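None of these values were measured; they are calculated from a predicted model. Sequence lines set the chain letters: A, B, ... in the order given, protein chains first and strands last, and positions in each chain run from 1.
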Amino acid sequence: MPYLQVPKGTRDIMGKEIVLWRKVEEVVYETAKNFGYEEIRTPIFESTELFTRGVGEGTDIVQKEMYTFTDKGGRSLTLRPEGTAPVMRAYLEHGFAVQQPRVKWFYLGPMFRYERPQAGRMRQFHQFGFEAIGFDSPACDAEIILIAWRIYERLGLHKLSLEMNSLGCPSCKFRYIETLQQFLQREIHSLCDTCKVRLEKNPLRVLDCKNEGCQTIFQSPSFPRLQDFLCEECSKHQETLLATLRFLDIPFSINPRLVRGLDYYTRTAFEIKTGELGAQDAVGGGGRYDNLSQALGGPKVAGVGFAAGIERMVLLLNKMGQGLHALETLVYLAPLDGEGELHLLVLGRRCEELGIPFYMDFADKTLKYHLKKAQKMKVRFVVLVGKAELQNSLFLLKDMFSGEQWTLSQEELLKKLQEEKNSA
RNA sequence: GUGAGCGUGGCUCAACGGUCAGAGCACUGGACUGUGGCUCCAGGGGUUGGGGGUUCGAAUCCCCUCGCUCACCCCA
């Protein structure tokens, strides 16, 4: 490999795969428009503090996955590992909290996390996400889930499962964590090493540990369950949300062990999974983050949102064997010499003005080369200009599918191509 | 960060430690001097990821390193 390579965990997205990316992006834009969400584009890098405070000091993201660097002005900056904290930062920075407290935004773009690459996991990966800020109602949680669901439906991604849980508000979450810590303190001898650390730093994470020893502790009948600690408002919020989902015919299951890896989540937490991608099975996830604004030094602001990974969705679409066509060129312009090139480029300009997609190959090549290439590109028509055509200011048009060909003037040619374009 | 598997022309892969590392596909040209898909012929393209070691001799064995893949962890 004599050439430079892309950095580990990154890749070029190109060729036929781009078609699937475009498709996902189009569905996202379309669905956002239909649900009344506006696009927001935040910077790729932010001050490191935004994520340590927003995502949480004790999270894996902050502890080991961030691309953090110091710029020439001595500022500590971080390539964004997720999209919600930057969106909340923008909300607060631009005074939405007082001016226009309720907003619905969506974003789409690259995120960065320093992890070992694996199927469906890259160091630069792409997410789109929807955020509804300033809304308390559980119906808004339902709308967020509905949007995610609709996007998957529109793309034809079936066999997805939705898992729901509630983490409670800060106060019930806090009461639960206290009880949990006390309980685990007594069982600390059977906890795995990482869980011993989690116990102090991020106790909720202990819940989804897959270690056997930890698992047996969970089975204990005296193990404190989060749902028993939810305050009245929190459990009512959850009940209403679940009722709304049933009303919307969105199937789900309750997973009391579902814990999100980011500190800002409160109450609703959900994950959308597939069985087709191996270990990286989450294609989307989200929840409520009524805590985030305050963590960033803002006022109390409600919020709920979700994010989905585009790479994983594209992998799924690929598995389903979507038909792919890289280009939709209608006509291939084949010059047989330099003078032919001049006339064909003029014709190409006319084609473009009329919305007829053309491809012109400037290689100084034989007719045989051009026909082969046009055939390989699956282009239906070829326009050929050589000496014979130049003498009479005519063009030779060949239909590669039927083999028919005609000698035409420029206007006749364009007319025919337009007819073919419209009938296609 | 931990573990396992793998690095050979552009791509997919051959080659018991032994002449000059091969094939298919792709590419280029020709048979067919302005008519494509098939066929045939010819051609270009490799310091076998990199470095070190063992050996008379290394793509092959050993060590280091880089990269890829999958899994753990975690997440989208």
Side-chain angles (χ1 to χ4, degrees), chain A residues 1-11 15 24 55 58-65 81-84 108-129 148 152 160 192-195 197-198 202 205 208-211 258-262 265 269-274 277-286 305-316 332 334-337 340 363 365-382 384-390 396-405 407:
Chain A
M1 302 296 147
Y3 299 114
L4 295 171
Q5 292 174 257
V6 293
K8 191 185 182 84
T10 68
R11 61 194 204 95
V24 171
V55 176
T59 60
D60 282 3
I61 291 181
V62 169
Q63 284 194 336
K64 52 186 194 192
E65 295 175 5
E82 60 100 44
T84 303
L108 189 157
M111 307 289 163
F112 306 84
R113 263 123 100 157
Y114 186 86
E115 299 179 272
R116 289 289 282 269
Q118 185 177 328
R121 183 211 274 169
M122 297 270 103
R123 288 183 173 180
Q124 173 174 337
F125 62 107
H126 297 74
Q127 286 187 327
F128 63 84
Y152 297 126
L160 296 176
C192 69
D193 289 347
T194 45
C195 279
V197 179
R198 284 177 180 143
N202 203 354
R205 288 232 64 85
D208 63 353
C209 181
K210 280 127 197 155
N211 180 282
L258 175 66
V259 180
R260 314 244 69 224
L262 296 81
Y265 284 112
F270 64 91
E271 222 165 82
I272 295 166
K273 293 185 175 175
T274 171
L277 289 183
Q280 308 306 315
D281 59 353
V283 290
F306 84 96
I310 301 181
E311 277 83 355
R312 292 182 186 180
M313 294 173 68
V314 168
L315 280 173
L316 281 178
Y332 179 107
L336 291 185
D337 53 37
K365 294 290 185 180
T366 60
L367 173 60
K368 190 166 183 159
Y369 165 90
H370 287 301
L371 291 175
K372 265 191 181 172
K373 179 146 182 172
Q375 186 202 328
K376 202 179 306 170
M377 289 173 64
K378 297 189 169 73
V379 177
R380 173 143 185 212
F381 294 100
V382 171
L384 163 67
V385 172
K387 281 202 179 57
E389 290 72 25
L390 280 171
L396 183 68
L397 176 69
K398 182 178 174 85
D399 182 333
M400 295 296 281
F401 293 0
S402 68
E404 292 174 274
Q405 53 186 50
T407 305

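The side chain of A:Gln5 lies closest to B:G67 when the candidates are B:G67, B:U69, B:C75. Minimum atom distance to the side chain of A:Lys8 is reached by B:C68, of the listed B:G3, B:C73, B:C68. The side chain of A:Arg116 has B:A71 as its nearest neighbour among B:A76, B:A71, B:G34.
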Protein N or O to nucleotides 36-42 of chain B N or O, pairs below 3.5 Å:
from, atom 1, to, atom 2, distance (Å)
B:G36, O2', A:Gln375, OE1, 2.2
B:G36, N1, A:Met400, O, 2.6
B:G36, N2, A:Met400, O, 2.9
B:G37, O4', A:Gln375, OE1, 3.1
B:G37, O4', A:Gln375, NE2, 2.9

With side-chain contact (heavy atoms from CB on, under 4.5 Å) as the test, would you mind laying out the steps for A:His370 and A:Lys368 before giving the verdict? CA-CA 5 Å; A:His370 287 301; A:Lys368 190 166 183 159; over 6 Å; no
Passes side-chain contact (heavy atoms from CB on, under 4.5 Å), A:Asp337 versus A:Leu390? Steps please. CA-CA 11 Å; A:Asp337 53 37; A:Leu390 280 171; 4.2 Å; yes
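Atom pair A:Glu389:CD and B:G34:P shows a separation of 12 Å (rounding to whole Å applied). In this structure, the CD1 atom of A:Ile61 is 10 Å from the C1' atom of B:A76, given to the nearest Å. With rounding to whole Å, A:Phe125 atom CZ is found 12 Å from B:C75 atom P. The distance from atom CG of A:Leu258 to atom P of B:A76 is 10 Å, rounded to the nearest whole Å. The distance between atom CG of A:Leu160 and atom C1' of B:A76, rounded to the nearest whole Å, is 13 Å. The NE2-P distance, from A:His370 to B:U28, rounds to 12 Å in whole Å. The interatomic distance linking A:Tyr332 (OH) with B:G34 (P) rounds to 15 Å, in whole Å. Atom CZ in A:Phe270 sits about 14 Å away from atom C1' in B:C75, given to the nearest Å.
Taking all atoms of both residues into account, the shortest heavy-atom contact from A:Val385 to A:Gly340 is CG1-CA, 3.8 Å. Nearest heavy atom pair, residue A:Gln124 against residue A:Pro110, reads NE2-CB, 3.5 Å. In plain terms, the two heavy atoms of A:Gly83 and A:Gln127 that are nearest each other are N-OE1, 4.3 Å. The minimum heavy-atom distance linking A:Lys378 with A:Phe401 is given by the pair O-CZ, 4.4 Å. Closest non-hydrogen pair, A:Arg312 versus A:Gln280, comes out as NH2-OE1, 3.2 Å.
Although no hydrogens or angles enter the test, the distance criterion places a donor-acceptor pair under 3.5 Å between the side chain of A:Tyr152 and the main chain of A:Val283. Between the side chain of A:His126 and the backbone N or O of A:Gly309, no donor-acceptor pair lies under 3.5 Å.
Comparing A:Arg123 and A:Pro7 by the nucleotide of RNA chain B whose heavy atom lies nearest to each, the residue mapping closer to the 5' end is A:Pro7. Of the two residues near RNA chain B, A:Gln118 and A:Gly285, the one whose nearest nucleotide lies more 5' is A:Gln118.
When the C1' atom is used for both B:U35 and B:G43, the distance is 24 Å, rounded to whole Å. B:C56 and B:C40 have their C1' atoms separated by 45 Å, given to the nearest Å. Across the P atoms, B:C64 and B:G5 are found 14 Å apart, a figure rounded to whole Å. For the C1' atoms, the distance from B:A23 to B:C63 is 33 Å, rounded to whole Å. Nucleotides B:G29 and B:U69, compared at atom P, are 35 Å apart to the nearest Å. The same atom, C1', is picked in B:G46 and in B:C20; the two are 13 Å apart, to the nearest Å. For the C1' atoms, the distance linking B:C73 with B:A21 amounts to 42 Å, nearest Å. Spacing of P atoms, B:U12 relative to B:A26, comes out at 15 Å, to the nearest Å.
If you check every strand for non-hydrogen atoms under 4.0 Å, A:Glu311 touches nothing. Within 4.0 Å of A:Asp281, counting heavy atoms only, lies at least one base atom of the nucleic acid. Looking at heavy-atom distances under 4.0 Å, A:Gly129 makes no contact with the nucleic acid at all. Residue contacts shown for A:Gln405 include a base, since a base heavy atom lies under 4.0 Å away. Nucleic acid contact for A:Leu384: base, since at least one base atom lies under 4.0 Å from a heavy atom of the residue. Across all strands shown, A:Ala374 has no heavy atoms under 4.0 Å from either base or sugar-phosphate atoms. Nucleic acid contact class of A:Leu396 (heavy atoms, under 4.0 Å, all strands): base.
Residue side chain A:Arg312 reaches the base of B:C75 through a donor-acceptor N/O pair under 3.5 Å, judged by distance alone. At a cut-off of 3.5 angstrom, counting only N and O atoms as typed in the model, there is a donor on one side and an acceptor on the other between the side-chain of A:Arg121 and the base of B:C73.
The salt bridge (charged side-chain N to carboxylate O under 4.0 Å, His left out) test applied to A:Glu115 returns A:Arg121, not counting sequence neighbours.
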Here RNA chain B, pairs taken as Watson-Crick or G-U under 3.5 Å and shown with ( ), [ ] when crossing and | when to another strand, reads (((((((..((((....[...)))).(((((.......))))).....(((((..]....))))))))))))....
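Ring pair A:Phe128/A:Phe306 is perpendicular by interplanar angle, where above 60° counts as perpendicular and below 30° as parallel.
Atom CZ of residue A:Arg113 and atom CZ of residue A:Arg123 lie 13.5 Å apart, to the nearest 0.5 angstrom.
Residue A:Lys365 has a polar side-chain atom (N or O) positioned under 4.0 Å from OP1 or OP2 of B:G29.
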